[in-house]
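To start, the structure under review is shown below, and the notes come after it.
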Amino acid sequence: MTQAFQKVSAIRGMNDLLPGQSAQWERFEEIVRGWLRSYGYRNMRTPVLESTRLFARGIGEVTDIVEKEMYTFWDGAEGKQDQVTMRPEMTAGIVRATIEHNMLYDRPHRVYSIGPVFRRERPQRGRYRQFHQIDVEALGLAGPDVDAELIVMLARLWKMLGLTDIRLELNSLGQPAERAAHRTALIAHLEKHADILDEDGKRRLYSNPLRVLDTKNPAMQAMADSAPRLFDFLGEESRAHFDGLCQRLTDAGIEYRLNPRLVRGLDYYNLTVFEWVTDRLGAQGTVCGGGRYDGLIELLGGKPAPAVGFAIGMERLLDLWQQSVPAEAEAECDVYVVHQGEGAQRLAAKVGEQLRDAGFSVIVHAGATGFKAQFKRADGSGARVAVILGDDEVANDTASLKYLRGEAEGAASQQQVPLAQLAEVLKSKG
């Protein structure tokens with residue numbers, strides 16, 4: 001006796017997208033791709049799997065992502081194994097490809113990528129183990145004007161999506177020497193309050209003290225609030241860069257809040273960092289985050305070049321969008337072809353191809369069920385019109401039309417048209 005196979009479910013935190021949900025994603029991605037094209041950004045695709053060294057070097061070995069969240073394993077035959085990781089973010093891979101293919105040899109590039117990323121986290125609303133990002137990078141471009149362009153284009157996207165309850169937070173992380181001076185002062189401050197540091201704070205006290213300020217521990221908030229501010233250690237050039245950014249945002253009519261504790265979770269940032277946040281998604285309120293990373297290309301083995309970018313969490317943004325603009329049911333097709341009899345079934349396949357040639361999306365009913373069941377299925381498909389083929393239509397080279405929705409619905413119970421004019425009549429009805 002064959003043992004029953006135990007049902008397999010999706011891994012927790014890695015979600016299926018069913019056809020109804022996927023239609024909303026496709027509509028959203030269409031908006032996003034058009035928006036990115038309007039600013040001259042071109043699509044770039046990099047592998048999901050990269051060398052672990054890329055992320056350890058680029059993101060930072062003492063970040064949460066590298067220490068706790070990466071899906072890492074050994075790949076290859078024994079003795080020739082490489083440690084590889086499923087990408088937890090996209091910027092490092094895009095920079096690796098930029099260096100490998102010498103993309104900045106003759107000009108800067110504006111690029112974007114859309115796809116899945118992976119982090120081993122405790123799944124909750126807005127935070128999953130497989131999630132999706134829109135990653136946008138301006139490579140080889142320096143100056144606050146480019147930083148401002150990215151923020152202004154994001155404001156345009158929120159407007160296109162009808163989002164109003166989303167706000168901008170800004171900070172500057174300065175340059176390495178400025179961060180080093182701040183780091184010394186910050187460690188001294190943390191040492192004075194070592195008795196209230198939690199285990200995570202104590203572990204990061206010397207390895208990554210800036211991240212201690214990003215604590216969510218209520219007992220450490222007052223200590224974090226009173227810590228030396230990196231912003232106060234900025235030199236003249238870093239201040240000028242930040243002031244230039246703020247002036248351009250004011251010119252564009254974009255409101256922002258200076259958040260001196262905004263550091264982001266990756267080590268490669270310098271100068272500008274920003275987040276767009278909302279209160280409508282619970283604890284996971286960051287919809288988009290990014291900033292400048294002028295040292296990363298050199299850090300990963302390339303020639304020094306400036307860069308700035310951002311990433312949008314698609315699940316979070318879609319959640320926010322659907323709260324503001326409820327999803328509409330997506331029609332499966334424009335035209336549904338119903339038929340009765342063997343000759344009509346064969347003709348239906350031919351008619352379906354002709355209508356597709358004319359630009360319509362068409363479902364031809366499969367099988368030989370009765371008209372009643374076929375019309376029920378046609379109505380459920382969301383099709384605007386049903387094309388009906390029976391023995392009479394086959395004999396007379398005609399088709400009958402029944403409008404299921406739209407302005408033509410109910411105008412006539414049924415309309416008969418020559419097959420040769422079918423596409424033209426359907427187009428005339430809009």
Does [X] have any side chain to side chain contact (heavy atoms under 4.5 Å, CB included) partners at least two apart in sequence or in another chain, and if so, which?
{"X": "Ala177", "answer": "none"}
{"X": "Asp232", "answer": "Arg229, Arg239"}
{"X": "Arg156", "answer": "Trp35, Tyr39, Met160"}

Checking the side chain of [X] only, and the main-chain atoms of [Y] only, is there a donor and an acceptor separated by less than 3.5 Å?
{"X": "Ser238", "Y": "Leu234", "result": "no"}
{"X": "His132", "Y": "Ile114", "result": "no"}
{"X": "His241", "Y": "Leu271", "result": "no"}
{"X": "Ser428", "Y": "Val425", "result": "yes"}
{"X": "Arg204", "Y": "Val212", "result": "no"}
{"X": "Asn171", "Y": "Pro260", "result": "yes"}
{"X": "His189", "Y": "Ala185", "result": "no"}
{"X": "Arg377", "Y": "Ala373", "result": "no"}
{"X": "Ser226", "Y": "Ala222", "result": "yes"}
{"X": "Asp294", "Y": "Ala307", "result": "yes"}

Ignoring hydrogens and geometry beyond distance, is a side-chain donor-acceptor pair present between [X] and [Y] at under 3.5 Å?
{"X": "Arg119", "Y": "Tyr128", "result": "no"}
{"X": "Tyr206", "Y": "Glu191", "result": "yes"}
{"X": "Asp334", "Y": "Ser361", "result": "yes"}
{"X": "Gln323", "Y": "Asp319", "result": "yes"}
{"X": "Thr91", "Y": "Glu137", "result": "yes"}
{"X": "Asn217", "Y": "Gln221", "result": "no"}

Separation of [Y] [atom2] from [X] [atom1] (nearest 0.5 Å):
{"X": "Phe73", "Y": "Asp82", "atom1": "CZ", "atom2": "CG", "value": "11.0 Å"}
{"X": "Arg42", "Y": "Leu36", "atom1": "CZ", "atom2": "CG", "value": "13.0 Å"}
{"X": "Gln21", "Y": "Asn15", "atom1": "CD", "atom2": "CG", "value": "8.5 Å"}
{"X": "Ile312", "Y": "Leu154", "atom1": "CD1", "atom2": "CG", "value": "5.5 Å"}
{"X": "Asn43", "Y": "Arg33", "atom1": "CG", "atom2": "CZ", "value": "5.5 Å"}
{"X": "Met220", "Y": "Asp225", "atom1": "CE", "atom2": "CG", "value": "11.5 Å"}

Does Trp158 form a side-chain contact (heavy atoms from CB on, under 4.5 Å) with Trp276? I'd like the steps, not just the answer. CA-CA 10 Å; Trp158 311 149; Trp276 289 88; 3.1 Å; yes

Taking all atoms of both residues into account, what is the closest heavy-atom pair of [X] and [Y], and its distance?
{"X": "Val387", "Y": "Ala399", "answer": "CG1-CB, 3.9 Å"}
{"X": "Ala227", "Y": "Leu186", "answer": "CB-CD1, 3.9 Å"}
{"X": "Thr286", "Y": "Arg316", "answer": "O-NH1, 2.8 Å"}
{"X": "Thr369", "Y": "Gln374", "answer": "O-NE2, 2.8 Å"}
{"X": "Tyr256", "Y": "Ile254", "answer": "CD2-O, 3.7 Å"}
{"X": "Glu315", "Y": "Gln130", "answer": "OE2-O, 4.2 Å"}

Flag the pair [X] / [Y] as yes when at least one side-chain heavy-atom distance between them is below 4.5 Å, and no otherwise.
{"X": "Arg96", "Y": "Glu50", "value": "yes"}
{"X": "Arg384", "Y": "Val335", "value": "no"}
{"X": "Glu149", "Y": "Leu141", "value": "no"}
{"X": "Ile151", "Y": "Leu168", "value": "yes"}
{"X": "Leu163", "Y": "Leu320", "value": "yes"}
{"X": "Leu422", "Y": "Leu401", "value": "yes"}
{"X": "Glu178", "Y": "Gln175", "value": "yes"}
{"X": "Thr72", "Y": "Gln83", "value": "yes"}

Between [Y] and [X], does any NZ, NE, NH1 or NH2 come within less than 4.0 Å of an OD or OE carboxylate oxygen?
{"X": "Glu353", "Y": "Arg356", "result": "yes"}
{"X": "Asp147", "Y": "Arg292", "result": "yes"}
{"X": "Asp200", "Y": "Arg203", "result": "yes"}
{"X": "Arg120", "Y": "Glu69", "result": "no"}

Would you call the rings of Phe28 and Trp321 parallel, tilted or perpendicular, where under 30° means parallel and over 60° means perpendicular?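 Aromatic pair Phe28/Trp321 classed tilted.
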
Phe360 and Val385: side-chain contact (heavy atoms from CB on, under 4.5 Å), yes or no, with the steps? CA-CA 11 Å; Phe360 294 97; Val385 62; over 6 Å; no

For side-chain contact (heavy atoms from CB on, under 4.5 Å), just list the numbers for Gln24 and Leu318, CA-CA rounded to whole Å, side-chain angles, deciding distance to a tenth of an Å, and then say yes or no. CA-CA 9 Å; Gln24 182 79 349; Leu318 274 160; 4.2 Å; yes

For the aromatic rings, using the six-membered ring if either is Trp, is the centroid distance between Phe131 and Phe118 under 6.0 Å?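 For Phe131 and Phe118, the ring centres are not under 6.0 Å apart.
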
Working note: Asp379 + Arg405, criterion side-chain contact (heavy atoms from CB on, under 4.5 Å); need CA distance, chi angles, decisive distance, verdict. CA-CA 9 Å; Asp379 190 54; Arg405 46 188 51 80; 3.3 Å; yes

Are more than 12 heavy atoms, taken from residues, nucleotides or ligands other than [X], located less than 6.0 Å from that residue's [atom1] atom?
{"X": "Lys202", "atom1": "NZ", "answer": "yes"}
{"X": "Leu18", "atom1": "CG", "answer": "yes"}
{"X": "Arg167", "atom1": "CZ", "answer": "yes"}

